[in-house]
Structure formats: structure tokens, C-alpha cells
Amino acid sequence: MPDLVNVTYKQTGKSKKTNEMGMREMQERAYEARSAQYLLIKAPPASGKSRALMFIGLDKLRNQDLKKVIVAVPERSIGSSFAPTELKKFGFFEDWNPSPKYNLCTPGSDKSKVDAFIKFMKNNEEILICTHATLRFAFDAIDEKELNGTVIAIDEFHHVSAEGTNRLGSVLSSIMAKSTAHIVAMTGSYFRGDSVPILLPEVEAKFIKVKYDYYEQLNGYEYLKSLGIGYHFYQRKYTTAIHEVLDENKKTIIHIPSVNSGESTKKKNEEVSAIIETIGELDYQDPETGVLYVKSNKTGKHIKIADLVYDDQKARDKIQNYLRNINSADDIDMIIALGMAKEGFDWPYCEQALTVGYRGSLTEIIQIIGRATRDSENKKHAQFTNLIAQPDAQDDEVKISVNNMLKAITASLLMEQVLAPNFKFKAKYSEDDENEYEEGNSSTNQVNEEENTIHIRGFKEPSTAKVEQIIESDLNDLKAKILQDNDMIKAMPSDSIEPEVINQVLIPKIIRETYPELSDDEVEEVRQHIVTDSVIKNGTIEEQGNRKFIKMADTFVNIDDINIDLIDSINPFQKAFEILSKSVTTKVLRTIQETIDASRIQITEEEAVILWPKIKAWVQKTGKNPDIKSLDPKEKRMAEAIIFIKELKRKRNQNA
């Protein structure tokens, strides 16, 4: 199956260049906001968030009168990202030099770590590194006011939730409400696999946000030229199909499915053995490092494999220690993992992330993709491939299989949006309007090469600071919510749902649920921006002579002619499902469509209003009403709308 997403980058080197203080582009942007009491840094994997925290933390200690910095990470292995680091030799005023005694990301009991945390709060040490769990446990043993004058840095901030049962979320809320502590929150992905917000709106409003997007990061690399995201569908056991997508010549991380998932055989170690047998024969295991040496069936060469699935903790610790210290592409060829080697795991030489089964959240998928998107001289292309079970009409769990397939594909749709260049959108006015967007330049609608600005007739620009903030900082987060909504998942691949229903009914409903404080006008401004951004990013811009065209929904449109009604007539997420229809058999495609139809969204009054002019046009053209038994899904949907309208009219007459 071809890649659903394939993005090429310009290799500008900009995101890796450093300024006179040794800061990369993202770090410099974050450092400019260093005086904020509450700071949220949203930046992709490998952009340098850990070092950005070091710069900010040291400035708060030396120049902002704070006394201590506490760094909390989700798991022990990530603590190494905050190890002692030389900064002065690159131009900064001080090195990051935490004491090993207060690196609590080490083996030991929870009690001993809490005791060390309490000692740290009472002595003159300045930097402590611990896990999220240790922070939670220690919080129960101290008063919030003891954190006055302290910086709390929370890495992988998406682990926090506003949900009452989320202890890290409640700890954060208490610290903010009852102490003068500063908070620095960092995340490579702000998306969640559920509908619970990370922060309540009134709490989130207190944070200064620094955003550095994926396109900026990858476009500014030195070596990596392109990224592909694709899917491969299999029947029966995945272990019999993995050889079809596994390239032993690429440095690869394989994530096998959770033992609780439908794709798992429930025997994880046997799955690892089957993958190894697909490659070749195990020759031996190095007793010092734990590396497996597998003789390839194809080439006879040794493939060096790290098994992170094995249950023996000592064996896992041994191979993990080896992986932390590799410094050459030749040191390891392949890593097989289950729950590990995701967020915070650094293997820059990785060229391919091969994941079996649908992952439960967009966060997890993006973290896995991030393992392959480090810049390294051994690769020009990075690849994410998801191996997904193909739905079988005879299977009792066909609905689950179809849902997993659709959710996996929506993840690629989101990544396509995240990885594409950013555009700015402005209203285009008529030539005789006194508010013409640019005096003396009213005859053409343009794409500005520097700013990627597109002017659109009928477009509503942000009228309030809140809308501007959503568009500037939260657009991808909102797209993630849209692409995880059950009604959207059913509607996107359906031939019977008009694009206007997706764009004018379903999307604004999700915006209102996410931002209940917005007025109707503000909702419409956000809606227009998110739909326009999604449609344009799914299109391609081409230049012919002195005119520019954009290809949207298989049609080339002169950029001069773009208007909001045209944008609303396009399903912004149709592309992936068009590729899907070409990549599975007719029988499988019919199974998918029948499963969607069996649980499709009900007609709403808003959809009926949109369909009514189309129904009248249909009757005028054909001389008859749409047929409920028609094989044409659009005709059938119109017939259903007529029944809905008649029933609605009957009920209203009864109540009159």
C-alpha cells in the first residue's frame, strides 16, 4: 500500500543551528519567555526541550530569585535527558550540573525517594530530578507553601489531566493555587486518546505558550529529507505478514501489540521469536550487552537485535544500559519493544518505526513516529508503518476491526496536517471595498512566498484575542479532537454525508464542546479557519505562468477564485479514504462501508437544512423524489432526510 503521507523537507539546517548562547531555534524561542511564572512549551521530539529547560531553570535560579528546580519525568529512563550538561563552552553563562545524589530516577523504594525529596527541600541543593510518581508521593508529605520559590518542570506534560482521578493533575492545580512556585510544562504532543482536557480552560489561560511545530523542526534538519507514513493490512496473525514490510537493511524499532489487543497472540515472547525467525536464525546472545546476533536468511550477515519485551528485569536493564551508550549506527540494527522505546527514547539512527496494531491514542502514535524523526547522517528518509488487521465480514469483531482501521488512518490524517507547511489566511475584499487588503494590489489574490498567506473571499478573520490564541497555539490540538470524534470517524469516509455537513455541522459542534465560552461568531471564525487550513494542507499549489492554482478534491482552482463556499464544499479528510479504496479488495471495502452504515450518524435538523436545496435540485432534475432503496448513497441519504423532515413537521404540527 502506498504511503498516505509523504512529506519532503528543504534541509535548511535552521532548526539545528545555534545562537551565541548555544541555543537552537526552539530553545531560543522558549528562553525569550523565561520570565513567565507558568510556561507551556509545545515542541516535537528531538527539538531540544530538555536543554531548553536547563537554560530556563538556570536563569530562574540566577536571575529570577528562585531557589530550586525540580524536574519530573514520566519514567526513570527519561531522567538521563537531564544529566549534567556542558553549556558554558557553547556560550551560556553556566553549566547544568545536578548532584547525582538528587537524581531520583534510579532503582530504589518509593519511601527512600520521598525521604530524599524532603531532604532536598530543606538543604541548599538546587536541582532534583525525579519521576512523576515520586513528585506525587512527595507532594503528600509536604505543604504546598514549601514549594514557594521553586521551579516545577513537568516533562511529557500530556500525562497530566484535568480529570479528578488524575493525581498529577490535582497536584499541579494545588501547587498553582497555594504556592508561588513557577511551572514549566513541556510536551512533544498535546494530544490525548480521550476527551478529558489536560488543563481546565481557566487554568490553561494562566500559561504563556511557546509553540514550535513539526514542520519547522523537520524542515530545518541537515540530513533527513523526507518522511513517509503508511499502512499495511494483514489477515490472520501479524507474525505471518510482518516480513512483507520489514526491511532488515533499515535501522528499525518494532512495537508489537499490547497483550490486551485483538492483534496480540497473548504470547508476547513467542511473537518476538517469530519475528526473529522471519529475519533469520539466532546465532548467539552477547552475555555482556544482551544483544542478540541473528544470522540473516537473505544475506548471511549478523543483525544485531535488542529485545525489550523479555520479562527478566535484569536482562532488560542490561540491554537498556547498552542502548543508552551507543554512539554509532553500527551498534544496533533493530529494537523489538512492547511498552518501551516510545516517549523520551533516543536512538537517532532509527530509520523506520514499524508498529503492529492500532494504538489507543494519537499521543502514542506521534511519540512512536518521533523515534524515527531524529536527524542523523545515516538516513535521508524516515518511515512509519502501521501493520493493521484487515476487517473480515465473517469475524464477530468486524466492527472493532473497522473502527481500529479508521482510527489508524485518522492518525495519519492528523500527522499530514501537522507535518505540512503553515499558511496564514486573510479576508479578500472586492476591488471597490475601502478595506481592500493591500492598497494598489487589489487585482489578484496571492500566495505570499515568504508568509504563505492566502486571501479568501467571505473569510472571517479573528475578532477576539481568544480566537487568535486558539488559531495560533491550539489548532492541531483541535484537529486531534475532531479526528477522534466518533461521528466524524463515521462521516469522513461515507459517500452519503455531504462535505457541508462535516464542515458546517459536525466540526462546529466539536468546537462548541471544546470551547463552550465562545460566542456563535467566534465559533464560526474558528470553524472557517480550521476547515480552510485542513483543505489547503490537503491540496497542492502549482504555478502556471504568472498564475497560481491549488488542487483541491481532484480539481485545480485558480487561487484568485477561492472563497469560503468553495472551501465548505470539500471534505477536508477524504484523501486517505480514497487511497484506502484503491488499496483493499472490493469485498473488504464493502465490509467497511456496511459496518459504517450500520452505525452511521443519525440525520440532524442542521443536516436536513443543508440537504433540502440539494433535494429540490434533485427533484427538478429527475422529476421524482429520491428513492430510499437506491444504491446511490447520496440519493438514499436525501430520501432519509425527506422522511426526517416530514416527521419533524408532523411533531411540530402536533405541538402547535
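Values reported hereafter were calculated over all heavy atoms of this structure, with side chains retained and with hydrogens, waters and symmetry mates removed.
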Is a side-chain donor or acceptor of [X] paired with a backbone partner of [Y] at a separation under 3.5 angstrom?
X    : Y    : result
K268 : Y310 : no
S15  : G13  : no
D485 : I510 : no
T12  : N219 : yes
Q27  : G48  : yes
K16  : R24  : no
N378 : Y349 : yes
T299 : S296 : no
T240 : R236 : no
D283 : Y293 : no

Is it true that [X] and [Y] have a side-chain N and a carboxylate O under 4.0 angstrom from each other?
X    : Y    : value
K250 : D333 : no
K42  : D213 : no
K14  : E25  : yes
R29  : E216 : yes
R324 : D346 : no

Steps toward side chain to side chain contact (heavy atoms under 4.5 Å, CB included) verdict (K225, T8): CA-CA 6 Å; K225 179 69 175 175; T8 301; 3.6 Å; yes

Do [X] and [Y] have side-chain heavy atoms sitting under 4.5 Å apart?
X    : Y    : result
H132 : I154 : yes
I276 : S273 : no
I254 : M334 : yes
P45  : R371 : yes
I253 : L354 : no
Q383 : T385 : yes
I530 : I507 : yes
N6   : I229 : no

Quick check on E281: does its CD atom have over 12 non-hydrogen neighbours (other residues, nucleotides or ligands) under 6.0 Å away? no

Quick check: are there more than 12 heavy atoms from other residues, nucleotides or ligands sitting under 6.0 Å from NZ of K266?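 Yes.
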
I need the minimum non-hydrogen distance between [X] and [Y], along with the two atoms involved.
X    : Y    : value
D331 : K304 : O-CD, 3.7 Å
K209 : S473 : CD-CB, 3.9 Å
S47  : P44  : OG-O, 2.7 Å
L224 : A382 : CD1-N, 3.5 Å
L308 : R316 : O-CD, 3.2 Å

Candidate pair D155 and F82, rule side chain to side chain contact (heavy atoms under 4.5 Å, CB included), full reasoning: CA-CA 10 Å; D155 194 23; F82 298 93; 3.8 Å; yes

Atom pair [atom1]/[atom2] of [X] and [Y] - distance to nearest 0.5 Å:
X    : Y    : atom1 : atom2 : answer
K481 : T514 : NZ    : OG1   : 3.5 Å
K211 : N476 : NZ    : CG    : 6.5 Å
E28  : M23  : CD    : CE    : 7.5 Å

Walk me through it: do Y238 and E271 pass the test side chain to side chain donor-acceptor pair (under 3.5 Å)? CA-CA 9 Å; Y238 81 84; E271 292 175 29; 2.4 Å; yes

From CA spacing to verdict: side chain to side chain contact (heavy atoms under 4.5 Å, CB included), T131, L104: CA-CA 7 Å; T131 64; L104 306 186; over 6 Å; no

For I256, run the side chain to side chain contact (heavy atoms under 4.5 Å, CB included) check against T239, T265, I275 and tell me which one passes. I275

Among L483, I497, I502, side chain to side chain contact (heavy atoms under 4.5 Å, CB included) partner for M488: I502

What pairs with Y221 under ring pair (Phe, Tyr, Trp, His ring centres under 6.0 Å), at least two apart in sequence or on another chain? none

Does the pair K479 and Q417 meet the rule for a side chain to side chain donor-acceptor pair (under 3.5 Å), with working shown? CA-CA 9 Å; K479 287 181 183 180; Q417 296 287 311; 2.5 Å; yes

Give a yes-or-no answer on whether the side chains of H381 and E351 include a donor-acceptor pair shorter than 3.5 Å. no

I'd like to know if the side chain of T278 pairs up with that of H243 as donor and acceptor (distance under 3.5 Å, no hydrogens or angles considered). no

Parallel, tilted or perpendicular: which describes the rings of Y215 and Y9, with under 30° parallel and over 60° perpendicular?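 Tilted: the ring planes of Y215 and Y9 meet at 30° to 60°.
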
Might you work through the side chain to side chain contact (heavy atoms under 4.5 Å, CB included) test for M186 and L40, ending with a clear yes or no? CA-CA 6 Å; M186 302 178 294; L40 173 59; over 6 Å; no

